[in-house]
Chemist: 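Pasting a structure here, questions to come.
Note that the structure is predicted; figures quoted are calculated from it, not measured. For ligands, and for the atoms within them, numbers begin at 1 and follow the listed sequence.
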Amino acid sequence: MPVLIFRSGSARTQWWLDTFRERAPEIEVRLWDEPGDKSEITHALVWEPNPGVLATMPSLKLIISLGAGVDHLFRDPKVPLQVPIARVVDVNLTARMTEYVVLYVLRHHRHVPLYEARQRESLWQSETQPAAFDRTVGIMGLGTLGRDAAEKLVGLGFRVTGWTRTPRRMEGVESFHGEAGFAPFLQSAEILVNLLPLTPQTENIVDAKLLAALPEGAYFINVGRGPHVVDKDLIAALDSGRLSGAVLDVFRKEPLPAGDPFWRHPKITLTPHVASMSDPRTVIEQVIDNVRRTERGEDPLNRVDPQQQY
Ligand code: NDP
């Protein structure tokens, strides 16, 4: 019998327990604070587990990340890399992320903050409005989330480019990849969207060098992870006018500390890591499916490559 350990303490714990019991009575579900004999645990459903804890479960067949990102798992130096890791890929999560990206691209493109400020001053004054097809949105990462956002932005008429690790083709999107493709990708990205996973290769990628390679007055939207950005380099680029503004949803330290300069920076719009989230109704079906797959000796869906860490 599969034994799944699950986080406890959230307001929805009872819903998860009841739904597991109803949908998959063959799975024994345990909570993290009452793990019982850890050698019996075969599956772990986790978000930011305490470092070292997964290594104390010798019978694990699968580790499932509750979210799309898996950097929280690789932060644990003892994470058992021989155990397959799966992540959530959820249409609802993807749709919400696309809403967020499109919202802030359009907000910048249509000068919304400027007109809101002018309204407060009763100022009737218009700006030149470029057409969408005269504006390039560059997306770092054309994975599950980046591709969907790219497709919707193409549908709105924007010129969209993408940058990936390996070559990727996508209709209507000019694609670049690898180190050689980075500079040509950056040089046209008037609105840069970060949808990369956080890995040793992508940490601190948004630094002074990257920001200097963007068109003058570019706009930056970070929905990847906080440690992608060198904070002081971002602030310097905003202060010098090289960047015209930034939207930040993710931060090195979350919650963002009260005194952080990001809070009050006039060119920064920030949100508390809400760009998207997993929908438990979809997630639970994927978890059950993946538990059953591993029990049948099959590969889980949405498996993470432990070498690449995404
Ligand atoms: P995927 O794994 O599906 O896609 C990752 C993309 O990044 C791929 O296109 C991949 O390239 C590219 N990539 C990875 N490493 C590199 C590299 N070194 N150089 C260039 N490109 C690289 O991820 P998702 O789209 O599902 O999610 C992306 C991230 O979004 C998550 O890891 C998470 O951090 C973040 N996220 C944020 C949320 C929020 O609320 N703010 C919510 C959910 C996720 P290739 O195609 O060649 O493999």
Chemist: Given L145, D305, T202, I205, identify the one with the heavy atom nearest to atom 44 (C) of ligand 1.
Modeler: L145
Chemist: S276 heavy atoms, cut-off 4.0 Å: which ligand 1 atoms fall inside?
Modeler: 40 (O)
Chemist: If hydrophobic clusters are built by linking Ile, Leu, Val, Met, Phe, Trp and Tyr wherever their side-chain heavy atoms come under 4.5 Å apart, do I63 and F6 end up in the same one?
Modeler: no
Chemist: Assign the ring pair H109 / F158 to parallel, tilted or perpendicular, where the plane angle (0 to 90°) is split at 30° and 60°.
Modeler: perpendicular
Chemist: We want to know whether Y100 and T271 form a side-chain donor-acceptor pair, criterion being a heavy-atom distance below 3.5 angstrom.
Modeler: yes
Chemist: Between D279 and R281, does the salt bridge (charged side-chain N to carboxylate O under 4.0 Å, His left out) criterion hold? Intermediate values first, please.
Modeler: CA-CA 5 Å; D279 185 325; R281 292 166 301 181; 2.6 Å; yes
Chemist: For a 4.5 angstrom cut-off between non-hydrogen side-chain atoms, does Q309 reach V70?
Modeler: no
Chemist: Does any N or O atom in M97 lie less than 3.5 angstrom from one in ligand 1, N or O only?
Modeler: no
Chemist: Considering only heavy atoms, which of L196, V304, V89 lies nearest to atom 13 (N) of ligand 1?
Modeler: L196
Chemist: So if I count the atoms of ligand 1 from 1 in the order they appear, which ones are less than 4.0 Å from some heavy atom of T166?
Modeler: 45 (P), 47 (O)
Chemist: Report the nearest protein non-hydrogen atom to atom 2 (O) of ligand 1: residue, atom name, distance rounded to 0.1 Å.
Modeler: Y310 CD1, 3.4 Å
Chemist: Could you verify whether a donor N or O on one side chain and an acceptor N or O on the other, from R96 and S276, lie under 3.5 Å apart?
Modeler: no
Chemist: Starting from atom 19 (N) of ligand 1, which protein heavy atom do you reach first, and at what distance in Å?
Modeler: W163 CH2, 3.4 Å
Chemist: Minimum distance, heavy atoms only, to atom 35 (C) of ligand 1: which one of G181, P197, G224 is it?
Modeler: G224
Chemist: Spell out, yes or no, whether I5 and L62 are grouped together once hydrophobic residues are joined by side-chain heavy atoms under 4.5 Å, including indirect joins.
Modeler: no
Chemist: Verify the distance criterion only: is there a donor paired with an acceptor across the side chains of D18 and Q14 at less than 3.5 Å?
Modeler: yes
Chemist: As a check for students: among P167, G162, G69, identify the option with a heavy atom nearest to atom 31 (C) of ligand 1.
Modeler: G69
Chemist: If I apply the N/O under 3.5 Å rule, does R87 come out as touching ligand 1?
Modeler: yes
Chemist: I'd like to check which ligand 1 atoms, numbered from 1 as shown, lie under 4.0 Å from a non-hydrogen atom of V250.
Modeler: 41 (N)
Chemist: Can you sort out which atoms of ligand 1 are near L195, meaning under 4.0 Å from one of its heavy atoms?
Modeler: 28 (C), 30 (O)
Chemist: Taking atom types as modelled, find out whether E254 and H273 have a side-chain donor-acceptor pair closer than 3.5 angstrom.
Modeler: yes
Chemist: Treat each ILVMFWY residue as a node, draw an edge where side-chain heavy atoms are under 4.5 Å apart, and state whether Y219 and L211 are in one component.
Modeler: no
Chemist: With backbone taken as N, CA, C and O and side chain as the heavy atoms from C-beta onward, which portion of D249 lies under 4.0 Å from ligand 1: side chain, backbone, both, or neither?
Modeler: side chain
Chemist: Does a side chain donor of either T282 or D90 reach within less than 3.5 Å of an acceptor in the other side chain?
Modeler: yes
Chemist: Are L142 and ligand 1 in contact, using a heavy-atom cut-off of under 4.0 Å?
Modeler: yes
Chemist: Applying a strict 4.0 Å limit to heavy atoms, is G67 in contact with ligand 1?
Modeler: no
Chemist: Going by the angle between their ring planes, with limits at 30° and 60°, are F20 and W16 parallel, tilted or perpendicular?
Modeler: tilted
Chemist: Under 4.0 Å from ligand 1, counting heavy atoms only, is it the side chain of Q308, its backbone, both or neither?
Modeler: neither
Chemist: Just to be sure I'm reading this right: ignoring hydrogens, which of M140, R165, Q201, R96 gets closest to atom 17 (C) of ligand 1? Compare them by their nearest heavy atoms.
Modeler: R165
Chemist: Nearest protein heavy-atom contact for atom 4 (O) of ligand 1: which residue, which atom, what distance?
Modeler: G143 CA, 3.1 Å
Chemist: If you have a sec, work out which protein heavy atom is nearest atom 37 (C) of ligand 1 and how many Å separate them, to one decimal?
Modeler: V223 O, 3.1 Å
Chemist: Any idea which protein heavy atom is nearest atom 46 (O) of ligand 1, and the distance to it?
Modeler: R168 NE, 2.6 Å
Chemist: Specify side chain, backbone, both or neither for H273, according to which of its non-hydrogen atoms lie closer than 4.0 Å to ligand 1.
Modeler: side chain
Chemist: Could you tell me which non-hydrogen atom of A44 sits nearest to which non-hydrogen atom of L54, and how far apart they are?
Modeler: CB-CD2, 3.7 Å
Chemist: Please report whether ligand 1 has a polar contact with T199, defined as an N or O pair separated by less than 3.5 Å (distance criterion only).
Modeler: no
